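See below for the structure under consideration.
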Amino acid sequence: MTAVSHRRPRGKAAFGGLAPTALLLIGAIYCLFPVLWVLIAATKSPAELFSTGTLAVGTGFFDNVTQLFAYRDGVFWLWAANTLIYAGGGALLSTAVSAVSGYALAKYRFPGRNLIFNLLIGGILVPAVVLAIPQYLLFSKIGLADSYWAVLLPQILHPYSIYLARIYAAAAIPDSLLEAGRIDGASEGRLMWRVAIPLMVPGMVTIFLFQFVAIWNNFLLPFIMLGDDGKFPLTVGLFTLLQSGANQPSLYNLILTGAFLSLVPLIALFLTMQRYWRTDLSSGAVK
Amino acid sequence: MKRSAPYVFLTPAIVLFTLFLAVPIGYTVYLAMLRSKVSGLGLGKGSRREVFVGFDNFAAALSDAELWNGWLRVLGYGALVLVVMLGLALLFALLLDSARVRLARFSRIAIFLPYAVPGVAATLLWGFLYLPSLSPIREILDVDFLGATTVTYSMANVAVWGGVGFNMLVLYTTLRAIPRDLYEAARLDGASEFQIAIRVKIPILVPAIILTTVFSIIATIQVFTEPTTLRPLTNTISSTWSPLMKVYRDAFVTGDLYSAAATSIVIAAISLVLSFGFLRVVRNRAFGEG
C-alpha cells in the first residue's frame, strides 16, 4: 500500500505536471515558427530581407503585395482563382459523389454490393504515380490535357471519402425512417434527397474539408497536366516562381509574400472549421 | 423499393472509377510492355513505331543503378520520417489526452496547423529557413542544411513538420473515443498516468498506429513535391533523387513514356509489398495470428 501511494504522486508529477505542457509547447512552437517567420519575411522590402534581423518586422508589405499582383500582369490572381476553382469545385463534386455512393452502399442490399465496395476501396492503394502518366496521355488523346478538366475530373473520385460516407450513413440514417418514407410512397431518389442527405450533412462537411485541403495542396497532378501557366493553381505557380527566383534573388520577397498569401485562406478555413476536423480514420479501417 | 436505385446512385462513382482508375492502370501496364523503335534516321512519319517488348522495361527498371540509388535515398529518408513523425504524433496525442496538461487546445491547433500548408509552400518556407543568407536558424546554429548528406535530414524535417499534426489528430481522436471509466478502473488499481499510457492507451491505439504507418509508407515511397521544390535552392538534389522524380523525368523531360510506365508500376508494386508486408508482420506480432 505504501509503495502504491508513494508511486502515484510521482507518476502524476512525471506525466501530468509541467513537463508535458512544456513538451507540447515546444511542439507548438516548432509547428508555428515557419508560419510566423514567413509572415515577418513578407513584410520586408527586398533590401530589408537580407539586411535586417530575421525576426524584425519590415516596412515593405504593401509594396510586396502590389508588386506581386502586378507581376506578369497579375498572374498570381489567376493562380489564386484557379486554386479556388479546382479545390472548391473538385471538393463539392467529390463530396456529392461520395455521399450518394456511401449512402447506397450503407443502406441497400443488392447483388454486387461487396464487389463494388471492394473495387472502389481498392483505389486507396493505387499510388497517384501509376495514374498520373496514363491520365495525362488519355487527356491529351481527347484534347483535354492542359485544361481545367484535366485537373478537376481525376480528383472527384476519392475512395477514402466513399468509405467515410458509408460509415457515416450507416450510423446516421435510421432504417425505420427510410421504411416510413417508403410506406408513404416516396421515391428512392426523393428519400435520398429529403431524408438521407440532410442527415449526412455533418459527415459531408468533414469530407468536403479534407478534399478541399487535399486538392488545394496537390502538386503532382496539375504539375503534370498543365503547361499554360494561366491555368496553374497556386502550388505550381509558386514552384515556377521559386524556379525563376533561383537566378534572381530579387524575386525572393515576391516568393515569400506569395507563399504567405497562399496560406491565409487555408489557415482561415482551418481555424473557423475547427470542430469539423474529426477523423473517423481509425474506426475499423484495419481489420 | 426499386431494385435499380442503388445502381443508379453508384453510377457516377463507377463511371469515374472506370475512366480515371481502371483504364489508366490498364493503359500503364500496356505502355510498360512497349518500346519505341526507330528505323532509319528516325526522321519522317512512320520511322518511329511501337514494338511489343514484354517485360524488358521492367527488367531495365529493376536493374537501373540510378533508380536503385533513388530507392536507397528514399528508404533512408522514409525510415527517418516514419519513426520521428509517428513517434512525435504518438507522444503529442498521449500528452494531449492526459487530463492535467495545460494549454492543450492551443497546442493541438498549433501542431495541426501545418496540415493546412501545401507541401510546396512548406518546402519553400523551410527551404528559405535553410538558406544561409536568410536563415534565423543559421544565426544560432552553424550547420549547412543543404549539404550533400544533411539535405536528407532537412527534407525529412519538412515531411515531419507537415505530417505530425494529422497523425496526431487521428491518434488523439481514437483516444477520445475510449470510455473514460477504463482509466478510472486502472487508476483505482494504482496505475500511474504513465503506466496507463503504456499499458492501456498504446495497446488500444495499435490499429490506428498501423493505419497511419501504412498511409505514411505509401506517401514516403512516392515522395516528389519536397525534393522537387527544394531543387531550385540547392544543387545537392539530383533530378532523379527519388524514384517518382525519375518517372517524371523519363516521361516528360526525356520523353521515354515506356520506361516511365514500367518504373511507376514497379513503384506501385513496391508500395503494395511494403504496406502489406508491414501489415502482416505487425499483425503476427500484435495479435498473435499465425
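All values derive from a computational prediction rather than experimental measurement. Per chain, numbering begins at 1; letters A, B, ... match sequence-line order.
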Q. Taking all atoms of both residues into account, what is the closest heavy-atom pair of Val117(B) and Asn217(A), and its distance?
A. O-ND2, 4.0 Å
Q) Any side-chain heavy atom of Leu131(A) sitting closer than 4.5 Å to one from Ile25(B)? A) yes
Q) How many angstroms lie between CG in Leu31(B) and CG in Leu137(A), if you round to the nearest 0.5 Å? A) 6.0 Å
Q: Check each atom of Leu21(B) against the heavy atoms of chain A and say whether the ones under 4.5 Å are side chain, backbone, both or neither.
A: both
**Q.** Phe110(A) side chain near Leu10(B) side chain, heavy-atom distance below 4.5 Å
**A.** yes
Q. Where does Leu178(A) contact chain B at under 4.5 Å (heavy atoms): side chain, backbone, both or neither?
A. neither
Q: Kindly compute the distance separating CG (Leu119(A)) from CD1 (Ile14(B)), expressed to the nearest 0.5 Å.
A: 8.5 Å
(Q) Which one wins on heavy-atom pair count under 4.5 Å against chain B: Leu23(A), Ile156(A), Ile162(A)? (A) Leu23(A)
Q. At a heavy-atom separation under 4.5 Å, does Leu256(A) approach chain B through its side chain, its backbone, both, or neither?
A. side chain
(Q) So which residue, Pro12(B), Pro114(B), Ala121(B), Ala260(B), ends up with the most heavy-atom pairs under 4.5 Å with chain A? (A) Pro114(B)
Q. Phe260(A) versus chain B, heavy atoms under 4.5 Å apart: side chain, backbone, both or neither?
A. neither
Q) Which class fits the ring pair Phe270(A) and Phe112(B): parallel under 30°, tilted 30 to 60°, perpendicular over 60°? A) tilted
Q.
If I measure from the heavy atoms of chain B, does Leu105(A) come under 4.5 Å with its side chain, its backbone, both, or neither?
A. side chain
(Q) Below 4.5 Å, heavy-atom pairs only: which of Leu191(A), Ile255(A), Val236(A), Leu271(A) has the largest tally toward chain B? (A) Ile255(A)
**Q.** Proximity breakdown for Ile29(A) and chain B, heavy-atom pairs closer than 4.5 Å
**A.** neither
Q. What part of Val164(B) lies closer than 4.5 angstrom to a heavy atom of chain A: side chain, backbone, both or neither?
A. side chain
**Q.** Segment of Val126(A) engaging chain B (4.5 angstrom heavy-atom cut-off)
**A.** side chain
Q | Contact class of Ala128(A) relative to chain B, heavy atoms under 4.5 angstrom | A | both
Q) Between Phe92(B) and Gly27(A), what is the shortest heavy-atom contact and its length? A) CZ-CA, 3.6 Å
Q.
Do Tyr108(A) and Tyr7(B) make a side-chain contact, defined as non-hydrogen atoms from C-beta onward lying under 4.5 Å apart?
A. no
Q) Can you find a pair of side-chain heavy atoms, one from Leu138(A) and one from Val23(B), that are under 4.5 Å apart? A) yes
Q) Relative to the ring of Phe223(A), is the ring of Tyr248(B) parallel (under 30°), tilted (30 to 60°) or perpendicular (over 60°)? A) parallel
Q: Report the distance from atom CZ of Phe252(B) to atom CD1 of Ile224(A), rounding to the nearest 0.5 Å.
A: 4.5 Å
Q. Can you tell which of Ile196(B), Thr229(B), Leu19(B), Leu88(B) has the highest number of heavy-atom pairs within less than 4.5 Å of chain A?
A. Thr229(B)
(Q) Under a 4.5 Å cutoff for heavy-atom pairs, which residue among Thr228(B), Leu103(B), Thr263(B) has the most contacts with chain A? (A) Thr228(B)
Q.
If you count heavy-atom pairs within less than 4.5 Å of chain A, which of Leu257(B), Ile265(B), Val29(B), Thr11(B) leads?
A. Leu257(B)
Q. Is the CZ atom of Arg176(B) crowded by more than 12 outside heavy atoms at less than 6.0 Å?
A. yes
(Q) Does any backbone or side-chain atom of Thr225(B) lie under 4.5 Å from a heavy atom of chain A? Answer side chain, backbone, both or neither. (A) both
Q) In terms of heavy-atom proximity below 4.5 Å to chain A, should Val266(B) be classed as side chain, backbone, both, or neither? A) neither
Q | Contact summary for Ala104(A) and Pro6(B), nearest pair of heavy atoms | A | CB-O, 4.0 Å
**Q.** Residue, of Leu153(A), Ile267(A), Val38(A), that accumulates the most heavy atom pairs under 4.5 Å with chain B
**A.** Leu153(A)
Q. Do Phe20(B) and Phe139(A) have ring centres separated by under 6.0 Å?
A. yes
Q. Which pair of heavy atoms, one from Ser107(B) and one from Leu24(A), lies closest together, and at what distance?
A. OG-CB, 3.8 Å
Q. Are side-chain heavy atoms of Trp161(B) and Cys31(A) found at a separation under 4.5 Å?
A. yes
Q. Do the non-hydrogen side-chain atoms of Leu242(A) and Leu233(B) ever get within less than 4.5 Å of each other?
A. yes
Q: Nearest 0.5 Å please: distance from the CG atom of Leu25(A) over to the CZ atom of Arg102(B).
A: 11.5 Å
Q | Which atoms of Val100(A) approach chain B - backbone, side chain, both or neither, heavy atom under 4.5 Å | A | both
Q. Under the side-chain hydrogen bond (donor to acceptor under 3.5 Å, both in side chains) rule, what pairs show up with a residue in residues 22-32 of chain B, not counting sequence neighbours?
A. Lys141(A)-Tyr27(B)
Q: Determine the minimum heavy-atom distance between Ser264(B) and Val130(A), stating which atoms define it.
A: O-CG2, 3.6 Å
Q | Whether over 12 other heavy atoms sit under 6.0 Å from Tyr136(A) OH | A | no
**Q.** Atom group of Ile116(A) that falls short of 4.5 Å from chain B, counting heavy atoms
**A.** side chain
Please tabulate, for side-chain N and O atoms in residues 123-131 of chain B, each donor-acceptor pair with protein atoms closer than 3.5 Å (sequence neighbours left out).
{"residue": "Thr123(B)", "atom": "OG1", "partner": "Gly119(B)", "partner atom": "O", "Å": "2.6"}
{"residue": "Tyr130(B)", "atom": "OH", "partner": "Ser154(B)", "partner atom": "O", "Å": "2.6"}
{"residue": "Tyr130(B)", "atom": "OH", "partner": "Asn157(B)", "partner atom": "ND2", "Å": "3.0"}

Q) At a heavy-atom separation under 4.5 Å, does Leu263(A) approach chain B through its side chain, its backbone, both, or neither? A) side chain
Q | Under 4.5 Å from any heavy atom of chain A - which part of Arg108(B) | A | side chain
Q. If we only count heavy atoms from C-beta on, is the Leu234(A) to Pro118(B) side-chain gap below 4.5 Å?
A. no
Q.
Between Pro111(A) and chain B, with a heavy-atom cut-off of 4.5 Å, which part of the residue counts as in contact: side chain, backbone, both or neither?
A. both
Q. For Leu272(B), is it the side chain, the backbone, both, or neither that has a heavy atom closer than 4.5 Å to a heavy atom of chain A?
A. side chain
Q: Taking all non-hydrogen atoms of both residues into account, name the closest pair between Phe106(B) and Leu32(A) and its distance.
A: CZ-CD1, 3.8 Å
